[in-house]
Trainee: 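So that we are looking at the same thing, I have put the structure below in structure tokens.
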Amino acid sequence: AAANKEIGVISNNIANASTNGFKRSSAQFQDIYGIAGEKRAAAQVGMGTIFESSRRNHAQGAFKSSGSELDLAVAGEGMFIVAPPNAGNELRFTRDGSMRLDENGFIVNTEGHFLIGLDGDPLRLPLRRNPNVDAGIEAEELLTSVTVGIDGQIMATYAGAMTRGNATVVNQGRIALARFQNEADLTSKGNGQFIMNAKTGLPAIGAASQGNYGDVLSGNLEVSNVKINDELTSMIRAQQAYSASSRMLQADSDIIKRFL
């Protein structure tokens, strides 16, 4: 059973090897001991192992360039904070920075969850703005480009008929990052997203490039920290252990049948 559990953990790692921000897990086991008979009083006899839990490794993965300004990665400590729509006050934490603009100008991930800024609100870049309402429709400016600094500061560039080549650059907020003392105990919600619990406590919220928080790398994505060669080696070892256990059980069953 223990080997079978390990095979399941390894299979999940391999299946998510190409998932952005995915963190590999390893199976944790503990020994089982029994008490020997009267002839060996107080002696402990090993009776195998049982699966205890799977533990995540939050080591940073490699970065890959995407070319999109809203694809983000954190170099160092910190996780992005996203909020699912219509989920009350629930916040999720992730290293997957695959972001885009929705039809309302909010920065969202691939699941439509809002990216949270340092002020605690969803970050929004209006697709159009009218800085001078009295000037009418001709003064309307459209969003033409977005830049994200290593400190998580988002700058939006707007241009229109009235700008005459002089684009307007507007500060649209700063990305918030979260840190936990015990990241490994975060509760997984799938797709590289996690929620806090009693073991992790509340997160420390801060800005990129300050204190112990990492830098935000625009135009990059963090890939999973799964190393396929290592996982395949572990899979072979676990399958051999499972096969050996099966043969031992079969041999024990055959011996018992002979005495019946």
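Keep in mind the model is a prediction, meaning the values are calculated, not measured.
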Trainee: Do Ile116 and Pro122 have side chains that get closer than 4.5 Å, going by heavy atoms?
Mentor: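 With C-beta onward as the side chain, the pair touches.
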
Trainee: Quick one: do Leu118 and Val148 end up in the same hydrophobic cluster if we chain Ile, Leu, Val, Met, Phe, Trp and Tyr together by side-chain heavy atoms under 4.5 Å apart?
Mentor: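 Looking at the clustering, Val148 is in a separate group from Leu118.
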
Trainee: I need the minimum non-hydrogen distance between Val9 and Ala27, along with the two atoms involved.
Mentor: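 The answer is CG1-N, 4.1 Å.
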
Trainee: Are any of the side-chain heavy atoms of Asn171 and Met155 separated by less than 4.5 Å?
Mentor: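 In short, these two side chains touch, coming nearer than 4.5 Å.
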
Trainee: Any idea which heavy atoms bring Pro126 and Leu143 closest together, and the distance?
Mentor: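 Minimum heavy-atom contact is O-CB, 3.9 Å.
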
Trainee: For the hydrophobic clusters of this structure (ILVMFWY residues joined by side-chain heavy atoms under 4.5 Å, transitively), does one cluster hold both Val146 and Phe114?
Mentor: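 Looking at the clustering, Phe114 is in a separate group from Val146.
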
Trainee: Considering only heavy atoms from C-beta outward, does the side chain of Met79 approach that of Val74 to under 4.5 Å?
Mentor: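 The answer is no; the side chains never approach within 4.5 Å.
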
Trainee: Which salt bridge (Lys or Arg N to Asp or Glu O under 4.0 Å) pairs, counting each pair once, include a residue from residues 78-98, with sequence neighbours left out?
Mentor: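 Output for this query lists Glu90-Arg92, Arg95-Glu222.
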
Trainee: Using the ring centroid of each side chain, check whether Phe194 and Phe180 are separated by less than 6.0 Å.
Mentor: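 For Phe194 and Phe180, the ring centres are not under 6.0 Å apart.
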
Trainee: Is there a donor in the side chain of Ser218 and an acceptor in the side chain of Glu69, or the other way round, less than 3.5 Å apart?
Mentor: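 Yes.
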
Trainee: Side-chain contact test, heavy atoms from C-beta onward, threshold under 4.5 Å: evaluate it for Ile154 versus Ile175 and give yes or no.
Mentor: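 A side-chain contact exists here, since the closest heavy-atom pair is under 4.5 Å.
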
Trainee: Can you get from Phe93 to Phe22 by hopping between Ile, Leu, Val, Met, Phe, Trp and Tyr side chains that sit under 4.5 Å apart?
Mentor: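 Different clusters: Phe93 never reaches Phe22 through Ile, Leu, Val, Met, Phe, Trp or Tyr contacts under 4.5 Å.
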
Trainee: Check whether Met99 and Leu127 end up in the same hydrophobic cluster, where Ile, Leu, Val, Met, Phe, Trp and Tyr are linked by side-chain heavy atoms less than 4.5 Å apart.
Mentor: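 In one cluster: yes.
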
Trainee: Of all heavy-atom pairs between Ala208 and Ile150, which one has the smallest distance, and what is that distance?
Mentor: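 Heavy atoms of Ala208 and Ile150 come nearest at CB-O, 3.5 Å.
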
Trainee: Do the side chains of Thr168 and Arg129 get nearer than 4.5 Å, heavy atoms only?
Mentor: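 Contact flag for Arg129/Thr168 side chains = yes.
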
Trainee: Taking all non-hydrogen atoms of both residues into account, name the closest pair between Ser18 and Ser224 and its distance.
Mentor: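 Minimum heavy-atom contact is N-OG, 4.4 Å.
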
Trainee: Is the backbone N or O of Phe106 less than 3.5 Å from a side-chain atom of Asn104, with the two atoms forming a donor-acceptor pair by type?
Mentor: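 No, the answer is negative, given that no donor and acceptor are paired below the 3.5 Å cut-off.
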
Trainee: Under the side-chain contact (heavy atoms from CB on, under 4.5 Å) rule, what do Phe63 and Leu221 come out as? Steps first, then yes or no, please.
Mentor: CA-CA 6 Å; Phe63 299 125; Leu221 290 171; over 6 Å; no

Trainee: How far apart are the closest heavy atoms of Ile205 and Ala178, and which atoms are they?
Mentor: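 That would be CD1-CB, 3.7 Å.
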
Trainee: In Å and rounded to the nearest 0.5 Å, what is the CD1 to CG distance from Ile107 to Asp102?
Mentor: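 That separation rounds to 9.5 Å.
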
Trainee: Just grab all the salt bridge (Lys or Arg N to Asp or Glu O under 4.0 Å) pairs involving residues 169-189, residues at least two apart or on different chains.
Mentor: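 Passing the test, one end in residues 169-189: Glu77-Arg179.
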
Trainee: Between Thr200 and Leu186 (side chain of the first, backbone of the second, donor and acceptor by atom type, cut-off under 3.5 Å), is there such a pair?
Mentor: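 Side chain of Thr200 to backbone of Leu186: no pair is present.
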
Trainee: Do Leu125 and Val82 sit in one hydrophobic cluster, given that two such residues count as connected whenever their side-chain heavy atoms are within less than 4.5 Å of each other, even indirectly?
Mentor: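 Leu125 clusters together with Val82.
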
Trainee: For Val170 and Tyr158, work out which heavy atoms get closest and say how close.
Mentor: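 Here Val170 and Tyr158 meet closest at CG2-CD1, 4.0 Å.
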
Trainee: If I take atom CD1 from residue Ile81 and atom CG from residue Leu91, how far apart are they, to the nearest 0.5 angstrom?
Mentor: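 Output value for this atom pair is 6.5 Å.
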
Trainee: Examine distances only and state if a side-chain atom of Glu231 and a backbone atom of Ser11 form a donor-acceptor pair shorter than 3.5 Å.
Mentor: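 Between the backbone of Ser11 and the side chain of Glu231 there is no qualifying donor-acceptor contact (under 3.5 Å).
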
Trainee: Determine whether Val226 and Asn16 satisfy the following criterion, side-chain contact (heavy atoms from CB on, under 4.5 Å), listing intermediate values before the conclusion.
Mentor: CA-CA 8 Å; Val226 174; Asn16 287 281; 5.8 Å; no

Trainee: Could you state the interatomic distance from CG (Asn109) to CG (Leu72), rounded to the nearest 0.5 Å?
Mentor: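 Asn109 CG to Leu72 CG: 11.0 Å, rounded to 0.5 Å.
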
Trainee: Distance from Gln172 atom CD to Thr157 atom OG1, nearest 0.5 Å?
Mentor: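 The OG1 atom of Thr157 is 10.0 Å from CD of Gln172, to the nearest 0.5 Å.
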
Trainee: Quick one: side-chain hydrogen bond (donor to acceptor under 3.5 Å, both in side chains) pairs with a partner in residues 118-128, sequence neighbours left out?
Mentor: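 Pairs touching residues 118-128 that pass the test: Arg128-Glu140.
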
Trainee: As an exercise, state the distance from CG of Asn20 to OG1 of Thr110, rounded to the nearest 0.5 Å.
Mentor: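 Here the interatomic distance stands at 8.5 Å.
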
Trainee: So, taking the atom named CG in Asn57 and the one named OG in Ser25, what distance separates them when rounded to the nearest 0.5 Å?
Mentor: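 If we round to the nearest 0.5 Å, Asn57:CG and Ser25:OG are 8.5 Å apart.
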
Trainee: Taking the side chain as every heavy atom from C-beta outward, state whether Arg24 and Lys227 have any pair of such atoms under 4.5 Å apart.
Mentor: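 Not in contact.
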
Trainee: Taking Lys23 for the side chain and Asn225 for the main chain, is one N or O donor matched with an acceptor at less than 3.5 Å?
Mentor: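 No; zero donor-acceptor contacts below 3.5 Å.
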
